[in-house]
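No hydrogens, no waters, no symmetry mates; every other heavy atom, side chains included, goes into these values. A note on names: the letters A, B, ... follow the listed sequences, proteins ahead of strands, and every chain is numbered from 1.
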Amino acid sequence: MEPFTPDTGATAWILVSAALVLLMTPGLSLFYGGMVRARTVLNMMLMSFSAMAVVAIAWTLIGYSLAFGTDVGGLFGAPLEHVGLSGTDEQSILAGSGVPFLVAAGFQMTFAIISTALISGAIADRVKLGTWMVFAAIWVVIVYAPLAHMVWGGGLLGADGIFASIAEPVDFAGGTVVHINAGVAGLVLAIIVGARKGFGTESMKPHNLPLVMLGAALLWFGWFGFNAGSAGTADATAGLAWVNTTVATAGAMLGWALVERIRDQHVTSLGAASGVVAGLVAITPAAAALTPLTSIVLGLLAGLACALAVGLKHRFGIDDSLDVVGVHLVGGLVGTVGIGFLAADGGLLLGGGVSLLIVQVLVAVAAMIFSGVLTTVIALALKHTMGWRIPEADERAGIDLTHHAEAGYDLAGALGARRERSIVPARHTPGASTGSIDPAEAVAPMDDASDPGPRNPAPLAEGAAPAAATARTVTTGEPR
Amino acid sequence: MEPFTPDTGATAWILVSAALVLLMTPGLSLFYGGMVRARTVLNMMLMSFSAMAVVAIAWTLIGYSLAFGTDVGGLFGAPLEHVGLSGTDEQSILAGSGVPFLVAAGFQMTFAIISTALISGAIADRVKLGTWMVFAAIWVVIVYAPLAHMVWGGGLLGADGIFASIAEPVDFAGGTVVHINAGVAGLVLAIIVGARKGFGTESMKPHNLPLVMLGAALLWFGWFGFNAGSAGTADATAGLAWVNTTVATAGAMLGWALVERIRDQHVTSLGAASGVVAGLVAITPAAAALTPLTSIVLGLLAGLACALAVGLKHRFGIDDSLDVVGVHLVGGLVGTVGIGFLAADGGLLLGGGVSLLIVQVLVAVAAMIFSGVLTTVIALALKHTMGWRIPEADERAGIDLTHHAEAGYDLAGALGARRERSIVPARHTPGASTGSIDPAEAVAPMDDASDPGPRNPAPLAEGAAPAAATARTVTTGEPR
Amino acid sequence: MEPFTPDTGATAWILVSAALVLLMTPGLSLFYGGMVRARTVLNMMLMSFSAMAVVAIAWTLIGYSLAFGTDVGGLFGAPLEHVGLSGTDEQSILAGSGVPFLVAAGFQMTFAIISTALISGAIADRVKLGTWMVFAAIWVVIVYAPLAHMVWGGGLLGADGIFASIAEPVDFAGGTVVHINAGVAGLVLAIIVGARKGFGTESMKPHNLPLVMLGAALLWFGWFGFNAGSAGTADATAGLAWVNTTVATAGAMLGWALVERIRDQHVTSLGAASGVVAGLVAITPAAAALTPLTSIVLGLLAGLACALAVGLKHRFGIDDSLDVVGVHLVGGLVGTVGIGFLAADGGLLLGGGVSLLIVQVLVAVAAMIFSGVLTTVIALALKHTMGWRIPEADERAGIDLTHHAEAGYDLAGALGARRERSIVPARHTPGASTGSIDPAEAVAPMDDASDPGPRNPAPLAEGAAPAAATARTVTTGEPR
Amino acid sequence: MKLITAIIQPHALQAVTDSLREYGVSGLTITEVAGYGRQGGHTEVYRGAEYTIDTIPKIKVEVLAENADESAIIDLVLAASRSGRIGDGKIWTTDVGTVVRVRTGERNADAV
Amino acid sequence: MKLITAIIQPHALQAVTDSLREYGVSGLTITEVAGYGRQGGHTEVYRGAEYTIDTIPKIKVEVLAENADESAIIDLVLAASRSGRIGDGKIWTTDVGTVVRVRTGERNADAV
Amino acid sequence: MKLITAIIQPHALQAVTDSLREYGVSGLTITEVAGYGRQGGHTEVYRGAEYTIDTIPKIKVEVLAENADESAIIDLVLAASRSGRIGDGKIWTTDVGTVVRVRTGERNADAV
Ligand SMILES: Nc1ncnc2c1ncn2[C@@H]1O[C@H](COP(=O)(O)OP(=O)(O)O)[C@@H](O)[C@H]1O
Ligand SMILES: Nc1ncnc2c1ncn2[C@@H]1O[C@H](COP(=O)(O)OP(=O)(O)O)[C@@H](O)[C@H]1O
Ligand SMILES: Nc1ncnc2c1ncn2[C@@H]1O[C@H](COP(=O)(O)OP(=O)(O)O)[C@@H](O)[C@H]1O
């Protein structure tokens with residue numbers, strides 16, 4: 001361990017990159033949230049936000065150690081080495097470029113968060129938030145952190161790993177660790193959780209496409225931290241990653257649009273937003289391995305491949321609701337395997353032979369198996385304990401209202417809510433705590449003569465606290 | 001004064017941080033704007049945007065000098081020392097880390113802007129924009145700048161101040177100067193301005209929760225500049241502040257959700273967004289004083305405390321419309337006082353004795369009194385001169401339409417506006433300039449036979465400028 | 001060519017600045033998208049997104065070389081010098097501040113993108129996306145890149161150009177290259193493309209003002225990269241540009257609001273958002289030439305001038321739909337010419353004589369002529385080949401639905417789409433590929449007994465792929 | 001059977017439904033509408049243009065009731081929605097043939 | 001001529017329109033409404049306050065039909081929209097005088 | 001008294017209201033609806049799926065008028081909204097019992 005020489009420039013860049021990558025998860029929440037129906041947008045966004053809460057803490061407690069602690073058998077890091085993100089700057093994974101320990105650890109935290117949040121798109125509109133949060137905590141610890149260790153932390157799939165004798169595998173910013181991993185996990189969850197009620201027959205078109213495009217834009221913006229930040233300092237490699245990220249994304253937008261123009265006659269905004277993400281995914285592992293020109297080609301291919309892939313779920317009847325598989329798994333594979341063909345150094349098409357290609361395929365397959373098996377175990381365990389699905393009636397009525405007691409929008413204003421009371425002093429009747437509302441047998445039938453509570457309490461400003469005595473009148477409507 | 005050695009890394013980080021903190025105010029405008037009703041969203045956003053305009057100029061002219069000029073009696077800086085933000089790099093408040101004068105001054109400007117804008121949430125939907133803008137200009141000069149001076153600029157409440165003999169008070173990024181200060185000012189304004197018509201009886205639920213969540217996300221993102229930028233350079237302290245900011249926010253989201261789950265049975269997206277802000281507020285003063293583990297604890301406490309606090313306004317009948325008190329004052333107190341318990345260096349629970357805790361409480365109380373008294377004076381003076389409230393009919397019809405002649409959304413399209421004319425050449429009849437529209441006695445009754453203006457002017461492209469001769473037909477509808 | 005000494009601080013700042021400027025274009029897409037009607041928002045946003053795709057690639061292939069390659073006759077750079085953005089760090093246009101070649105080239109790419117995207121606001125709601133994309137590719141190569149070369153790349157209008165003997169012209173961040181250039185191009189396109197159907201008689205008011213304000217905020221945020229990033233490193237000049245950018249914007253908001261208050265009696269949110277952009281435009285060329293105080297004045301003037309200018313289009317009957325001329329051309333001229341009056345060094349009002357003013361006017365006029373002539377040629381060529389306009393019926397029904405087969409919002413949910421089928425295996429009947437839908441003679445009349453396709457296919461999950469055999473039933477409704 | 005239709009000010013809706021419920025009306029249907037009347041429209045201002053909006057948002061309330069209840073219901077709506085200012089609204093009634101409750105298939109008086 | 005008005009659950013709309021179309025109904029008009037009835041409202045929770053929403057979103061379907069088709073159409077709507085749970089909805093009919101097709105100016109039976 | 005209901009194309013609304021106002025109609029009520037008819041729907045395309053939207057947005061205009069004005073109003077609406085293309089719309093009339101102006105409580109002819 002050599003003495004640590006801080007570099008304010010590199011540190012500034014990684015601090016910014018960490019902030020940028022953190023922003024990706026809210027960006028994702030908009031991208032995903034705009035794509036679901038208006039009556040489930042809040043739940044969708046909450047899946048991203050809750051992943052931020054849960055993963056940040058799991059990462060601090062144990063995840064970071066498992067990923068970047070001292071290697072244990074090539075599989076994970078020593079679990080208790082950096083509990084609470086303790087560590088010296090000499091232990092920083094970016095010590096070589098003068099970036100302090102906590103800056104690098106924070107940067108890595110944001111990768112764990114977004115990887116977990118990505119999965120949620122596969123199971124939109126239908127799962128209990130509690131189960132999702134438990135899943136997120138377990139998955140990031142058991143699946144993400146070890147895989148990050150294997151690829152980046154000195155483990156089996158990295159530069160000194162089991163394939164290194166063939167060629168050194170390349171995953172610059174997370175093609176396997178993030179995208180293939182999340183894509184496979186999404187596929188597993190979509191299968192185990194099962195399809196939405198009405199999938200394939202009812203309309204589930206996006207409710208707010210400007211939100212989707214804004215989300216895609218924030219993802220792109222944040223991805224500069226993801227890819228160019230993965231250079232670990234502010235140098236020419238970061239510049240290469242920055243430029244490749246942009247031009248691959250441009251290429252993928254055009255690739256996706258081409259498929260739409262030919263197949264559907266219409267170029268769409270959802271296609272543009274999706275193309276953006278497909279390009280960003282594909283260039284992630286390759287951002288420093290390609291030139292700007294080959295990055296355009298890789299992006300184009302990713303756009304074509306993902307645009308064709310997203311329709312397959314209807315063929316297989318798998319409700320990967322927001323195309324985590326079609327975009328992240330397929331895009332991640334295009335990028336990871338594409339390196340084998342297009343890498344400036346070692347790519348098959350640039351005269352580098354097949355060894356890099358073989359290694360890239362092997363690493364991708366290994367990651368898929370690892371992620372697939374472990375995610376299956378976690379998902380099944382949760383299925384048989386907490387359970388994944390909300391009741392069908394709740395799902396049909398919209399999870400926002402039935403499980404969060406909220407509505408995304410109240411734009412009309414006139415038909416909306418009309419009675420308000422403070423909830424703080426109120427205590428609910430024990431029987432009412434069902435955790436879900438059946439809207440078909442809902443609150444306070446209007447002719448319920450036995451309604452005990454004041455319906456229209458005097459303005460609270462004027463009196464004592466009448467609401468304190470008001471029991472919540474959640475009674476079941478009965479036909480006469 | 002020693003020679004100034006510029007540091008591009010530190011300067012880059014503070015430039016970025018300043019941009020991030022500036023973004024917080026539009027972020028706040030979304031957070032606040034989404035929480036009000038659809039018919040007042042624009043006014044709410046304008047309160048933030050106008051604060052940006054007014055405070056930036058007031059800060060340039062005099063605010064900066066009052067905050068960071070040569071100390072005058074421990075209370076404020078020499079008012080004319082840096083008029084127009086003149087100053088040498090040696091005078092930079094971040095000269096020690098090689099950050100030029102104007103970079104540091106710009107960074108501080110953004111704190112003044114967001115602090116002022118925060119207050120507006122307490123008086124949503126009901127005040128004249130003009131009065132608000134005058135308030136903002138006066139408040140930032142008379143209240144914010146001196147308090148910043150006292151705490152950070154070498155004044156009474158700072159490291160060399162009146163309590164320094166007990167222990168050195170800690171306010172890393174603005175727990176007292178920003179949050180307690182704005183929270184108290186919000187409370188004062190909410191009381192003096194009075195409640196919205198219908199407060200406590202009519203529905204005032206958020207009209208656009210995805211906007212609220214987006215706003216919370218932009219606040220979080222910008223807060224990295226706020227907290228980690230307050231390190232003054234890009235180093236390990238900035239990294240600690242970055243990580244603590246993230247994990248405290250994660251903890252607060254969970255804390256808030258816990259209250260909701262137990263009290264209301266439902267976790268909400270508004271709760272998640274609110275938890276984010278509560279965590280960010282609480283960690284602000286403490287970002288460099290705690291460890292990641294104690295930051296999680298502080299965040300959790302802030303989430304619990306603020307979630308319980310926001311309902312109290314209904315008890316007291318104070319229409320702090322968007323919970324400036326419940327989130328910023330309470331969160332700011334949790335953070336400021338929490339330092340006394342949890343600081344790695346000097347915290348009571350970590351064996352540091354009570355002196356730091358005492359000092360933190362004293363500084364918080366002093367800031368509350370200072371802010372409370374001065375804000376009261378300003379608010380009452382404005383009440384008796386310009387007046388705060390718009391007419392009741394305007395408030396009921398929605399301030400956007402009546403005072404800004406705009407509507408936030410026109411999504412339907414079909415029922416909306418149908419006649420258009422250029423306003424540039426038009427001159428309004430003098431009698432029409434009332435500044436407010438009474439929608440109940442509004443424009444152009446359809447059977448008004450005396451209507452003098454052309455109702456359907458020929459396309460302007462084809463003729464001269466007929467609109468120039470068109471008086472605005474704001475006549476009062478009369479019953480037959 | 002001297003040896004290149006990398007500077008991580010400067011590089012970090014330019015990496016961030018590039019990301020910030022890239023974000024401006026999606027920001028613009030929101031600013032523009034919110035201003036059009038709900039039924040054209042997606043097309044408007046797609047014009048920005050497609051500009052990102054097309055320009056990024058054109059810039060990589062040839063644009064950068066034309067702008068910054070070795071000078072050819074003062075007009076453009078050697079076209080093939082940097083194909084694929086090849087080049088050494090010694091060739092970096094920011095080599096002097098230690099910023100690597102690709103970082104600087106990426107930063108410049110973002111300027112080309114936003115400049116092109118700006119133009120689209122002039123021709124909202126009515127043009128074929130394909131024609132726009134071809135225009136973007138040609139315009140950035142033929143108009144933008146040479147002008148950038150002339151002003152910044154060592155050409156005729158730069159520091160060593162034809163006017164340098166009078167005074168050194170000042171365009172710090174793109175008053176001529178970006179704003180005057182795009183403003184003139186917008187004017188030319190608005191005239192050649194022609195007005196929207198219903199312009200001047202039908203309502204075309206903004207459909208989503210919170211989106212407009214969010215867009216303005218992201219533009220402001222990104223503009224810090226634009227202006228302060230144009231310092232080329234993180235130093236006091238960048239700080240000056242940062243502060244001037246903020247205070248000029250503040251001034252312009254107030255200036256615009258003043259016009260509204262006096263002329264219309266109402267301050268509007270659209271005015272605030274527009275004032276923000278006007279101020280940012282005006283300070284762009286002047287960001288390092290003025291002091292904070294004179295920047296406030298320049299911003300105020302820009303706000304006044306642009307607020308008065310935007311109404312003129314109705315006078316002249318030119319449908320510059322979103323005021324590219326009124327804001328970017330006028331604002332760009334205010335800034336470029338304003339330097340001649342207000343520059344700390346050489347400004348007429350600060351005792352600098354008239355020579356700088358003369359040069360600024362000459363450069364502005366030269367840029368207007370260059371841009372106007374070349375844009376006219378491109379626009380006319382496209383008019384007579386691909387054609388600009390979509391069919392009138394499509395325009396009236398809304399370009400989103402007719403040309404992108406999408407709707408921006410589906411908030412109601414209940415009346416929306418109800419039948420879904422996979423499009424991937426489907427092949428359309430050849431006759432149906434018209435590229436546009438006439439909604440008045442649209443899909444599948446309900447009594448069309450000859451309808452061959454299954455209307456309500458079985459859930460795909462349960463069966464084979466019935467959709468594969470389903471021809472799209474786009475038949476013309478016939479009266480009985 | 002009668003269908004009573006009332007166009008009222010949005011802010012009067014709560015009072016109207018409360019008073020109808022108290023009277024024993026077992027249901028009603030609400031629609032967002034916009035209307036012209038004696039009351040005119042209003043003006044919105046956007047960059048470079050002023051828009052005259054002719055219509056004002058209103059709420060339509062529809063109540064099915066037995067003939068005997070018609071005038072009582074009209075009076076209740078009047079009482080709850082009348083401010084005496086233009087724009088207060090309009091009430092009208094039409095004859096209804098069959099009424100059916102979907103859940104049970106009950107008809108007419110039983111179905112209300 | 002009759003105007004048949006049905007208030008139904010939003011999710012029943014597809015089934016209703018499909019079955020009417022099959023029967024040969026040549027057109028219908030749909031409106032988003034909100035309603036009270038036996039079915040109550042629901043609760044939404046926002047920071048510091050709980051809101052009781054009295055009304056539930058419903059769809060109003062209006063069909064013009066010849067007198068002879070009235071009862072068949074009612075039966076079809078019943079069959080397609082009935083789940084047997086409260087909130088299923090309401091159907092009513094009114095007499096219509098003139099009916100005109102705008103495109104051709106045709107009147108009454110020809111116009112439906 | 002008559003209630004005249006017209007389903008028209010959204011873009012015809014301005015012409016219809018202008019011509020009614022000129023005729024002296026003192027008020028009307030507008031609702032956003034969606035309709036089926038001879039005119040079919042349209043198609044929207046989203047990632048991996050194509051949606052057929054069966055209904056087209058329309059505007060419903062309701063006018064209360066004295067019996068004597070019925071046919072004149074129908075003719076005016078026809079003239080203002082007819083393009084001769086499918087989708088132009090439908091007009092129908094129903095008898096109205098009582099009409100009340102809320103502001104004054106005036107009834108019937110006085111109330112229109
Ligand atoms: N003749 C009419 N036909 C249909 N609706 C009407 C008619 N007159 C008024 N309305 C409706 O009633 C609402 C209130 O009308 P208004 O004229 O303001 O009331 P007043 O009776 O006080 O003049 C209008 O907005 C419109 O929706
Ligand atoms: N008396 C009524 N007048 C007008 N609309 C009614 C009436 N009763 C019910 N409705 C409408 O029918 C819908 C369903 O009514 P509901 O009472 O839930 O059905 P049920 O007949 O099963 O009691 C309500 O939401 C409301 O829109
Ligand atoms: N039988 C009907 N019942 C109720 N509304 C109808 C009926 N037929 C048509 N409509 C309404 O009229 C609108 C226009 O109908 P359409 O069939 O396109 O006109 P046309 O008379 O030219 O065939 C439809 O969208 C629908 O709202």
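Proximity to chain B (any heavy atom under 4.5 Å) is restricted, for Ile296(C), to the side chain, taken from C-beta onward. No part of Trp223(C) comes within reach of chain B, as not one of its non-hydrogen atoms sits under 4.5 angstrom from that chain. Of the two parts of Val41(B), only the side chain, counted from C-beta on, holds a non-hydrogen atom closer than 4.5 Å to a non-hydrogen atom of chain C. For Leu15(B), the parts lying under 4.5 angstrom from a heavy atom of chain C are both the backbone and the side chain. Contacts between Ser86(B) and chain C at a heavy-atom distance below 4.5 Å are absent for every atom of the residue. Looking at Asp7(C), only its side chain comes within 4.5 Å of chain B, counting heavy atoms on both sides. Heavy-atom distances place the side chain of Met253(C), and not its backbone, under 4.5 Å from chain B. Both the backbone and the side chain of Val267(C) come within contact range of chain B, each with at least one heavy atom under 4.5 Å from a heavy atom of that chain. Contacts between Ala18(B) and chain C at a heavy-atom distance below 4.5 Å involve backbone atoms as well as side-chain atoms. With a threshold of 4.5 angstrom between heavy atoms, Thr291(C) does not approach chain B through any atom at all.
Side-chain contact between Met133(B) and Leu254(C) is present, with at least one heavy-atom pair separated by less than 4.5 Å. The shortest side-chain heavy-atom distance between Pro210(C) and Leu211(B) falls under the 4.5 Å cut-off. Two residues are said to be in side-chain contact when any heavy atoms from C-beta on lie closer than 4.5 Å; Leu293(C) and Leu85(B) fail this criterion. Using a 4.5 Å cut-off on side-chain heavy atoms (C-beta onward), Val247(C) and Met109(B) make contact.
In this structure, Ala56(B) and Thr246(C) approach most closely via the heavy-atom pair CB-CG2, 4.3 Å. Nearest heavy atom pair, residue Thr402(B) against residue His266(C), reads O-NE2, 3.7 Å. Residues Ala234(C) and Ala12(B) approach most closely at CB-N, 3.5 Å, considering heavy atoms. The minimum heavy-atom distance between Leu270(C) and Glu406(B), with the atom names listed, is N-OE2, 3.0 Å. Residues Gly239(C) and Val103(B) approach most closely at CA-CG2, 3.4 Å, considering heavy atoms. Summarising the geometry of Thr8(B) relative to Gly9(C), their closest heavy-atom pair is OG1-CA, 3.2 Å, with the distance given to 0.1 Å.
Distance check, rounded to the nearest 0.5 Å: CG of Leu22(B) to OG1 of Thr249(C) gives 9.0 Å. Separating the OG1 atom in Thr25(B) from the CZ atom in Phe221(C) is a distance of 12.5 Å, to the nearest 0.5 Å. Note that CG of Leu46(B) is 4.5 Å distant from CE of Met213(C), once rounded to the nearest 0.5 Å. With rounding to the nearest 0.5 angstrom, the CD atom of Glu260(C) is 10.5 Å from the NE2 atom of His404(B). Atom CG in Leu23(B) sits 10.5 Å away from atom CH2 in Trp220(C) (nearest 0.5 Å).
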Starting from the C-alpha separation in whole Å, work towards a yes-or-no answer on side-chain contact (heavy atoms from CB on, under 4.5 Å) for Leu214(B) and Leu214(C).
CA-CA 10 Å; Leu214(B) 170 58; Leu214(C) 171 58; 3.6 Å; yes

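In terms of heavy-atom pairs under 4.5 angstrom with chain B, the leader among Val259(C), Asp235(C), Thr245(C) is Asp235(C). When each of Phe101(B), Phe49(B), Phe107(B), Trp59(B) is checked for heavy-atom pairs under 4.5 Å with chain C, Phe49(B) comes out on top. Options Ala236(C), Gly271(C), Gly299(C) differ in how many heavy-atom pairs under 4.5 Å they form with chain B, and the most are formed by Ala236(C).
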